[in-house]
Amino acid sequence: MARIVVLGAGFAGLWAAIGAARKRDEIGAGGSIEIRLVDRNPYHNIRVRNYEVDLSEVAIPLPQLLDPIGVSHGIGEVEAIDPARHAISLVTSGGEETLTYDRLVLALGSEVMRPDIPGLAEHAFDVDTYVAALRLEDHLASLGRSAPSPGRSTVVVVGAGFTGIEVAAEMPDRLTRAGITGSRRIVLVDHNPAVGASIGARARPVIEAALSSLEVETRPGVRVVSVEAAGVHLSSGEIIATQTVIWCAGMRASPLAASFPDARDRLGRLLVDPFMRVADVGGVFAAGDVASSVVDGLHPTVMSCQFARPMGRFAGHNVVADLAGLPMLPLRIDWYVTVLDLGGWGALYTEGWDREVRATGAAAKATKQTINRKRIYPPLTGSKDDLFAAAAPTVQAPPPTYGAR
């Protein structure tokens with residue numbers, strides 16, 4: 001029996017596995033193709049919601065999603081990939097294992113970059129994973145139960161890109177939920193000269209207005225020098241007393257992308273063709289944050305679930321088609337939007353690669369909630385038909401806009 005292995009259960013990996021099962025079912029190859037997914041966790045994390053106040057619905061057990069469609073799954077840490085031997089080295093609860101494959105879908109995603117800053121590893125938090133988000137939630141709850149102390153009510157968020165801005169904007173509600181009320185400070189730090197520098201000049205006035213309304217202080221143009229249990233030192237010479245530093249400064253592809261000799265971009269992502277194939281490596285596909293594909297003839301994908309989900313669906317379809325000697329489908333996406341959550345103020349919706357502002361405030365927030373709570377979720381009915389319908393190799397229309405200007 002031929003084996004397809006999918007590494008990673010994030011947005012790309014989950015949909016690659018479901019998409020592969022769909023295509024296997026379509027061609028009647030259930031008895032000749034095994035599909036196995038491996039992840040370090042037994043759940044699918046709705047990762048883009050890790051910054052939110054309520055984390056109760058951001059981890060979905062894999063058996064609920066994969067058992068109905070006949071995809072086997074296991075928990076393991078990928079240590080190495082040998083493309084020449086078609087072998088994967090894993091560490092599981094039973095020890096070291098080797099898993100071989102006929103076709104591989106690499107979907108191990110990305111991770112937050114952690115530079116060698118004194119005290120960062122020991123004292124900073126992040127929302128990169130569900131486990132990390134829970135750790136931050138427990139920390140804030142612990143502060144809420146403790147007596148007032150220096151830095152207890154101050155949060156410093158480092159990195160003013162999409163994730164950092166969303167973390168900072170949500171923090172007033174998170175502190176309230178934790179029982180930290182009264183005088184509070186939220187400080188957003190970034191080395192760029194302007195907050196939201198990566199989001200574009202058209203969006204920045206909206207972001208600045210929202211952060212000002214939420215009383216989020218900003219420190220553009222400075223870097224973190226060191227982090228301590230009781231505070232953070234900035235390159236400007238300022239020392240901010242805080243017990244909560246949240247690191248959101250940049251992402252990079254899984255280091256395991258380096259297992260392949262092919263070209264990689266500045267984020268460490270493997271370059272893939274429109275079929276999600278890794279060039280010059282037989283039998284290997286890649287999707288999501290670990291891969292970069294030019295999807296409209298000009299622009300490469302960005303690290304977001306907006307691209308990871310369709311990349312996964314097409315990778316899953318194509319890996320089975322390739323194994324069966326059938327035609328594959330190229331992925332093309334001719335639209336791009338961003339919807340930035342700005343907490344209690346609302347949200348910001350932009351269209352196009354030049355990020356033209358289309359909606360703000362409550363109208364954009366309605367779109368964000370549709371995305372975060374419905375659009376990016378797999379069907380939870382346990383129905384094979386529902387899962388296969390959602391995994392069709394098609395590209396969704398842009399999300400709805402409410403009151404777009």
Contact check, side chains of [X] and [Y], non-hydrogen atoms, under 4.5 Å:
X    : Y    : value
L106 : I81  : yes
P378 : L14  : yes
P115 : W247 : yes
F162 : M251 : no
Y51  : M171 : no
V78  : V91  : no
I199 : R204 : no
P172 : I186 : yes

Between [X] and [Y] (side chain of the first, backbone of the second, donor and acceptor by atom type, cut-off under 3.5 Å), is there such a pair?
X    : Y    : result
H191 : R223 : no
T370 : A366 : yes
K368 : V339 : yes
E96  : S89  : no
D273 : F275 : yes
S292 : L271 : no
W15  : F314 : no
D128 : V112 : yes
S212 : E208 : no
R22  : F388 : yes

To the closest 0.5 Å, what do you measure between [atom1] ([X]) and [atom2] ([Y])?
X    : Y    : atom1 : atom2 : result
R145 : L140 : CZ    : CG    : 10.5 Å
L65  : T381 : CG    : OG1   : 9.5 Å
M311 : F11  : CE    : CZ    : 14.0 Å
S293 : I333 : OG    : CD1   : 8.0 Å
I180 : S146 : CD1   : OG    : 7.0 Å
L55  : E137 : CG    : CD    : 4.5 Å

Going through the checks in order, is the side chain to side chain contact (heavy atoms under 4.5 Å, CB included) test met by W345 and T360? CA-CA 9 Å; W345 184 88; T360 62; 4.0 Å; yes
For H299 and Y336, I'd like to know if the aromatic rings sit close, meaning centre-to-centre distance below 6.0 Å.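 No, the ring of H299 stays outside the 6.0 Å limit from the ring of Y336, centre to centre.
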Can you name the one residue among L256, L7, V38 that meets side-chain contact (heavy atoms from CB on, under 4.5 Å) with I88?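 Result for side-chain contact (heavy atoms from CB on, under 4.5 Å) with I88: L7.
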Would you mind telling me which of N45, T129, T163 makes a side-chain hydrogen bond (donor to acceptor under 3.5 Å, both in side chains) with N50?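 Exactly one candidate clears the test, N45.
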State whether K384 and D25 are salt-bridged, where the test is any N-O pair (Lys NZ or Arg NE/NH1/NH2 against Asp/Glu carboxylate O) under 4.0 Å.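 Yes, K384 and D25 are salt-bridged.
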Can you see whether [X] engages [Y] through a side-chain donor-acceptor pair at a distance of less than 3.5 angstrom?
X    : Y    : value
R184 : T176 : yes
D54  : S56  : yes
E351 : T401 : no

Quick one: closest heavy-atom pair of [X] and [Y], and the distance?
X    : Y    : answer
T301 : A291 : OG1-O, 3.8 Å
V105 : A16  : CG1-CB, 3.9 Å
V6   : G13  : CG1-O, 3.5 Å
I33  : R24  : O-NH1, 2.8 Å
T338 : R355 : CG2-NE, 3.8 Å
V225 : P118 : O-CD, 3.5 Å

For T154 and T244, what are the C-alpha separation, side-chain angles and deciding distance, and is it a side chain to side chain contact (heavy atoms under 4.5 Å, CB included)? CA-CA 7 Å; T154 297; T244 309; over 6 Å; no
Using the salt bridge (charged side-chain N to carboxylate O under 4.0 Å, His left out) rule, collect all pairs that involve residues 283-312, keeping only residues at least two apart or in two chains.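 Passing the test, one end in residues 283-312: R47-D289.
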As a quick check of understanding, evaluate side chain to side chain contact (heavy atoms under 4.5 Å, CB included) for L329 and N318, giving each step before the final call. CA-CA 7 Å; L329 296 175; N318 287 335; 4.0 Å; yes
Pairs in or reaching into residues 70-90: which pass ring-ring contact (aromatic ring centres under 6.0 Å, His included), with residues at least two apart or in two chains?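 Qualifying pairs: H86-Y101.
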Apply side chain to side chain contact (heavy atoms under 4.5 Å, CB included) to V157 and V216, showing your working. CA-CA 10 Å; V157 180; V216 174; over 6 Å; no
Should the pair R135 and F125 be classed as cation-pi, given the thresholds of under 6.0 Å to the six-membered ring centre and 45° from the axis?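 Yes, a cation-pi geometry holds between R135 and F125.
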Kindly check if the number of other-residue, nucleotide or ligand heavy atoms within 6.0 Å of CD (E215) is above 12?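 It does not: E215 CD has 12 such atoms or fewer within range.
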Check the surroundings of atom CZ in R264: do more than 12 heavy atoms from other residues, nucleotides or ligands lie under 6.0 Å from it?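 Yes, the 6.0 Å shell around CZ holds more than 12 heavy atoms from other groups.
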Dump the intermediate steps for salt bridge (Lys or Arg N to Asp or Glu O under 4.0 Å) on E34 and R36, then the final yes or no. CA-CA 6 Å; E34 174 194 2; R36 182 166 182 79; 5.0 Å; no
As a quick check of understanding, evaluate salt bridge (Lys or Arg N to Asp or Glu O under 4.0 Å) for R114 and D126, giving each step before the final call. CA-CA 10 Å; R114 295 176 177 85; D126 64 74; 2.7 Å; yes
